[in-house]
Colleague: 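Please find one structure pasted underneath; my questions will follow.
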Amino acid sequence: MRKIILSTESGADLPETLANKHDVQVVPMHVIMDNQDYLDGHLPVLEIYDYYDRTKKIPSTSATNVHEYHELFKKIREDFPDSIIIHVGYTSKASASFQNALIAAEDFQDLYLIDALNVTGGLTAVVMYAVNMLEKEPTIPPAQLIEKIEAKVPKSRLAFIPGSLDFLKAGGRVSNLAYLGGALLKIKPCIELVEGKLVSTRKYRGNMSTVAEKLMRDYLNQYDIDRNQIYLMYSIGLSENIKQRMTEIAQENGFKNITWIQAGAMISTHSGPGGFGIAGLEV
C-alpha cells in the first residue's frame, strides 16, 4: 500500500505538534522586513510588532516560490519513497503560492494539488479533515480522498477580528477616514473568506472581549459547524481572559475538541497583535 503524504504552507498556521504527529509537510511563505527576507515560521512574531513600533510600517509578505515547492516535493519523495503527495494549498485568490505549486508539480508524478480557498485556521481545518480521513481509512484510494477533501473546501468557514486597525491602516487596507472613525468609535471589522477572498462582512463596536463574544455567537448562529472540532485563533497579545471565555462558549455549544492556533508571522503581519478568529467545517 502506497503512503499518502499531505503538505501545506506555513500560512495555514498548522501547529507544529499536529504537523509532526501526522507527517504533514509544511513549506514556509515569506516575510520581508528591513529589506531582509525571512521564512515564515522562523521569524518571531514579536519582531514584527517591534518593527511596527519603530517604523510605523508593517513588513510585506510574499509567496512560496517555484523552487521551494520543487524542493519540498523532492524531499517528500526522498523521505517517503513511492509516496502519493496531496498538497492542500493556501487560497489562490490571495497569493501566488498555489500557482507556483502548480508549476513545480509539473515535474512530479502522483502529486495532486487542492486549492483550499482559505488561510490560517480555515486552511488548517481542511488539512486536518484530510488527516482524519486518512486515519479512519488508511487504504482509501487517493482519488476518493481528493474528492472528499474538495467537497469540504466550500464548507470551511473562517472569521476573524484583526487586533489592530493600526496594522490595517499601515498595510493600506483602510482609508485614513475609516481608520479615524473606527478608532474613535472602537469599531472593529470582521474579516471572512468568501470564495477564497478576504472580505469585510460586518463591523463590531466595543472592546475586544465584547467583540470576540459577539463574533463567536454570530458565527455559530450563521454556520452549522461540525461539533467534533473547532479551531480558535489568536495573535500574540490577546488576553488570556478572552481566550478562556471563548473556550467556555465553545464548550457550552457542544464542541468536543477545541484547538487554539497562534497566528504565525505572515498572518500576524496583516492582523496585528491581539486578534481573534474562529474556523470550522460545516456539516
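Please read these numbers as outputs of a predicted model, since none were measured by experiment.
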Colleague: Are V126 and L111 connected into the same hydrophobic cluster when the rule is that any two of I, L, V, M, F, W, Y join if their side-chain heavy atoms are below 4.5 Å apart?
Modeller: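 No, no single cluster joins them.
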Colleague: Apply the test side-chain contact (heavy atoms from CB on, under 4.5 Å) to residues Q229 and I258: give CA-CA distance (whole Å), side-chain angles for both, the deciding distance (0.1 Å), then the verdict.
Modeller: CA-CA 6 Å; Q229 177 72 60; I258 302 162; 5.8 Å; no
Colleague: Only one of L158, V199, T201, L198 passes side chain to side chain contact (heavy atoms under 4.5 Å, CB included) with E192; say which it is.
Modeller: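 Answer after filtering L158, V199, T201, L198: T201.
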Colleague: Report the C-alpha separation of I146 and I114 in whole Å, then their side-chain angles, then the decisive distance to 0.1 Å, and conclude whether the side-chain contact (heavy atoms from CB on, under 4.5 Å) test is met.
Modeller: CA-CA 8 Å; I146 291 166; I114 297 170; 4.1 Å; yes
Colleague: Taking all atoms of both residues into account, what is the closest heavy-atom pair of S235 and G272, and its distance?
Modeller: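 That would be OG-O, 2.8 Å.
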Colleague: Given side chains that start at C-beta, do those of S95 and M29 come closer than 4.5 Å, heavy atoms only?
Modeller: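 Side chain of S95 against side chain of M29, heavy atoms only: contact under 4.5 Å found.
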Colleague: Starting from V27, can I reach F98 by hopping between I/L/V/M/F/W/Y residues whose side chains sit under 4.5 Å apart?
Modeller: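 Yes, one cluster joins them.
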Colleague: Determine whether a donor-acceptor pair (N or O, by modelled atom type, separation under 3.5 Å) exists between the side chain of E71 and the backbone of E68.
Modeller: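 Not confirmed, E71 side chain does not pair with E68 backbone.
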Colleague: Quick one: does S97's side chain have a donor or acceptor within less than 3.5 Å of a partner on T64's backbone?
Modeller: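 Here the side-chain-to-backbone pair exists.
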Colleague: Are E248 and R245 close enough for a salt bridge, meaning some N to O gap below 4.0 Å?
Modeller: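 Salt bridge: yes.
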Colleague: Please report the shortest heavy-atom distance between D226 and F255, naming the atom on each side.
Modeller: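 Of all heavy-atom pairs spanning D226 and F255, the closest is O-CE2, 3.4 Å.
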Colleague: Quick check: is I249 connected to Y204 through a chain of hydrophobic side chains (ILVMFWY, heavy atoms under 4.5 Å apart)?
Modeller: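 Yes, one cluster joins them.
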Colleague: Is the shortest side-chain N to carboxylate O distance from D50 to R54 below 4.0 Å?
Modeller: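 Looking at R54 together with D50, the answer is no, because their closest N to O distance does not fall below 4.0 Å.
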Colleague: Any carboxylate oxygen within less than 4.0 angstrom of a Lys/Arg side-chain nitrogen, looking at K93 and E195?
Modeller: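 E195 and K93: not salt-bridged.
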Colleague: One thing to verify: whether D34 and K57 come together as a salt bridge, which I'm taking to mean a side-chain N less than 4.0 angstrom from a carboxylate O.
Modeller: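 The answer is no: the pair does not qualify as a salt bridge.
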Colleague: Is the number of heavy atoms from other residues, nucleotides or ligands within 6.0 Å of CD (E16) greater than 12?
Modeller: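 It does not: E16 CD has 12 such atoms or fewer within range.
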Colleague: Of all heavy-atom pairs between V127 and L6, which one has the smallest distance, and what is that distance?
Modeller: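 That closest heavy-atom pairing would be O-CD1, 4.2 Å.
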Colleague: For K3, is there an ion pair with D82 - N to carboxylate O distance below 4.0 angstrom?
Modeller: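 Looking at K3 together with D82, the answer is no, because their closest N to O distance does not fall below 4.0 Å.
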Colleague: Taking the six-membered ring where the residue is Trp, are the ring centres of F73 and F108 under 6.0 Å apart?
Modeller: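 Centroid separation for F73 and F108: below 6.0 Å.
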Colleague: Determine whether the side chains of E150 and Y112 contain a donor N or O and an acceptor N or O closer than 3.5 Å.
Modeller: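 Result is no, nothing qualifies.
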Colleague: Say whether, by atom type as modelled, one donor and one acceptor occur between the side chain of R202 and the main chain of S200 under 3.5 angstrom.
Modeller: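 No: the side chain of R202 does not pair with the backbone of S200.
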Colleague: Under 4.5 Å between any side-chain heavy atoms of V153 and D115, yes or no?
Modeller: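 Not in contact.
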Colleague: Of R157, K155, Q222, which meets side chain to side chain donor-acceptor pair (under 3.5 Å) against E282?
Modeller: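 Option passing the side chain to side chain donor-acceptor pair (under 3.5 Å) with E282: R157.
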Colleague: Does the side-chain contact (heavy atoms from CB on, under 4.5 Å) test come out yes or no for M233 and D13, once each step is laid out?
Modeller: CA-CA 9 Å; M233 294 148 289; D13 290 329; over 6 Å; no
Colleague: Compare every heavy atom of T91 with every heavy atom of G196, then report the nearest pair and how far apart it is.
Modeller: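 Residues G196 and T91, closest heavy atoms: O-OG1, 2.8 Å.
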